[in-house]
Amino acid sequence: MAETLRRVLEPGRAAEPGEENAAEAEPPLLLLGGPGSGKTALLFAAALEAAGDGRGPVFFLTRRPLQSLPYRTRAALDPLRLQKIRFQYPPSTGELLRFLCSAHEAQGPAPALLLLDGLEEYLAEDLGSQEAAYLAALLLDTAAHFSYRVGPGRGCGLIVALQTPEEGDSGDALQLSLLQRYFPAQCWLQLDAPGPGQRCLRACLEPGGRASRAEWWVAFQPDGEMTVTPWPTQACDPSSNKGSSSGGQP
């Protein structure tokens with residue numbers, strides 16, 4: 001779902017012909033960053049973007065309810081868009097697995113986008129490599145099922161946010177390497193030097209396949225408003241972002 005994030009990070013960018021209905025052709029995306037690097041805010045922005053494109057609802061899975069809207073724009077205050085975002089709060093890995101396994105029984109329209117925030121909290125329940133691979137495969141399978149329900153040419157996208165492991169944590173690094181096999185598209189977030197009253201980060205999008213990567217400088221104002229400008233150079237090294245962020249979520 002690199003295209004959805006690209007539209008979030010390039011406000012006003014016109015979609016190319018066929019992009020609006022290209023979700024099923026896009027690989028699933030892993031949103032990576034340390035604590036406070038803006039993962040929840042960008043996930044919510046992606047939910048708003050998808051909710052406004054005239055397709056189905058958006059499923060937003062997270063372990064606990066959001067205490068406040070992490071991203072404040074006119075779209076974030078649009079009740080029609082907010083109504084299309086269906087929050088689910090699986091409190092444990094078992095409940096998350098049950099939700100995904102029962103997706104084929106869900107009533108109503110299939111979602112246009114499936115989002116999962118805080119995958120690391122579920123992986124922290126002593127999941128080994130085999131269990132982590134099963135969860136990743138089930139997420140992909142659920143999105144594929146929803147894509148089948150909405151029909152050809154539209155599809156259901158998948159974006160999963162994961163906190164990057166701290167440097168030297170070999171176990172989490174192995175899990176990340178495993179997950180990257182299932183999520184060929186990735187967006188890396190790294191906290192940058194803030195301006196007065198701002199929280200700033202660097203976002204590097206690796207869409208996967210032949211699509212070109214891109215990089216932006218993102219600033220969150222104290223009221224949650226997000227401003228985005230292109231990074232001076234378009235060459236980014238995602239590996240340098242691992243475990244380099246700290247702080248609270250904007």
Side-chain angles (χ1 to χ4, degrees), residues 1-10 23 26-51 58-64 66 70-71 85 87-88 96 111-124 132 135-136 139-140 142-143 156-166 172-173 175-192 199-209 211 213-218 220 226 228 231 236-250:
M1 287 310 295
E3 184 55 37
T4 300
L5 273 187
R6 192 184 293 271
R7 293 203 305 268
V8 168
L9 294 167
E10 294 183 12
E26 287 194 72
L29 185 139
L30 200 58
L31 185 61
L32 297 157
S37 57
K39 298 183 296 297
T40 298
L42 282 183
L43 270 189
F44 187 68
L48 290 169
E49 180 69 28
V58 175
F59 283 4
F60 195 119
L61 311 181
T62 181
R63 192 157 185 160
R64 59 186 61 85
L66 302 180
Y71 174 67
I85 303 175
F87 288 95
Q88 300 286 338
L96 175 61
L113 182 61
L114 177 63
L115 304 171
L116 174 63
D117 192 19
L119 175 59
E120 73 283 348
E121 296 189 37
Y122 296 102
L123 297 179
L135 177 54
L139 284 163
L140 268 65
T142 302
C156 172
L158 174 63
I159 304 178
V160 174
L162 174 70
Q163 184 171 305
T164 48
E166 295 185 4
D172 285 351
Q175 271 193 343
L176 174 59
S177 178
L178 181 151
L179 291 169
Q180 287 174 317
R181 300 176 189 176
Y182 291 87
F183 294 84
Q186 290 144 36
C187 183
W188 294 81
L189 305 176
Q190 180 182 20
L191 283 175
D192 195 52
R199 183 181 299 275
C200 303
L201 60 99
R202 183 178 180 178
C204 178
L205 180 63
E206 294 272 357
R213 61 187 180 182
E215 196 169 3
W216 299 268
W217 187 79
V218 184
F220 290 95
M226 183 177 76
V228 184
W231 196 260
C236 53
D237 180 9
S239 62
S240 67
N241 295 351
K242 297 179 183 178
S244 58
S245 301
S246 60
Q249 284 280 16

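Worth saying up front: this structure is predicted, and the values here are computed from it rather than measured.
Contact annotation: the side chain of F59 never approaches that of Q88 to less than 4.5 Å [non-hydrogen atoms, C-beta and beyond]. Contact of the Y182 side chain with the L30 side chain is not registered, since no non-hydrogen atoms from C-beta on lie closer than 4.5 Å. Side chains of L162 and Q175 form no contact here, defined as non-hydrogen atoms less than 4.5 Å apart. Within the 4.5 Å cutoff, side-chain heavy atoms of L119 are placed close to those of L135. You'll find the side chain of L191 reaches within 4.5 Å of the side chain of R199, heavy atoms only. In this structure, E206 and C187 have side chains that are not in contact, with every pair of non-hydrogen atoms separated by 4.5 Å or more. The shortest side-chain heavy-atom distance between P111 and V58 does not fall under the 4.5 Å cut-off. With contacts defined as side-chain heavy-atom distances shorter than 4.5 Å, the pair L5/L31 qualifies.
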Given side-chain contact (heavy atoms from CB on, under 4.5 Å), test T4 with L29 step by step and report yes or no. CA-CA 10 Å; T4 300; L29 185 139; over 6 Å; no

Could you walk me through whether M226 and V218 pass the side-chain contact (heavy atoms from CB on, under 4.5 Å) test, one step at a time? CA-CA 7 Å; M226 183 177 76; V218 184; 3.5 Å; yes

Should Y122 and L61 be marked as a side-chain contact (heavy atoms from CB on, under 4.5 Å) after you check the CA-CA gap, both sets of side-chain angles, and the distance that decides it? CA-CA 12 Å; Y122 296 102; L61 311 181; 5.8 Å; no

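To the nearest 0.5 Å, atom CD of residue Q163 and atom CG of residue L32 are 10.5 Å apart. The distance from atom CG of L48 to atom CG of L43, rounded to the nearest 0.5 Å, is 11.0 Å. Residue F60 holds its CZ atom at 9.5 Å from CG of L113, rounded to the nearest 0.5 Å. Atoms CD and CG, on E3 and L205 in that order, are 9.0 Å from each other to the nearest 0.5 Å. For the atom pair W216 CH2 and L9 CG, the distance stands at 5.0 Å (nearest 0.5 Å). With rounding to the nearest 0.5 angstrom, the CG atom of D117 is 7.5 Å from the CG atom of L66.
Of the possible polar contacts, one joining the E26 side chain to the A2 backbone as a donor-acceptor pair under 3.5 Å is found. The closest donor-acceptor contact from the side chain of K39 to the backbone of G33 lies under 3.5 Å.
Here the shortest heavy-atom pairing between P27 and P184 reads CB-CG, 3.4 Å. When every heavy atom of A47 is checked against every heavy atom of L115, the shortest pair comes out as CB-CD1, 3.6 Å. Scanning all heavy atoms of the two residues, the minimum distance from A132 to L178 falls at C-CD2, 4.4 Å. Here the closest heavy-atom approach between residue R7 and residue E49 is recorded as NE-OE2, 2.9 Å. Closest approach of I85 and A51 over heavy atoms only: CG1-CB, 4.3 Å. Of all heavy-atom pairs between W188 and L176, the closest is CH2-CD2, 4.3 Å.
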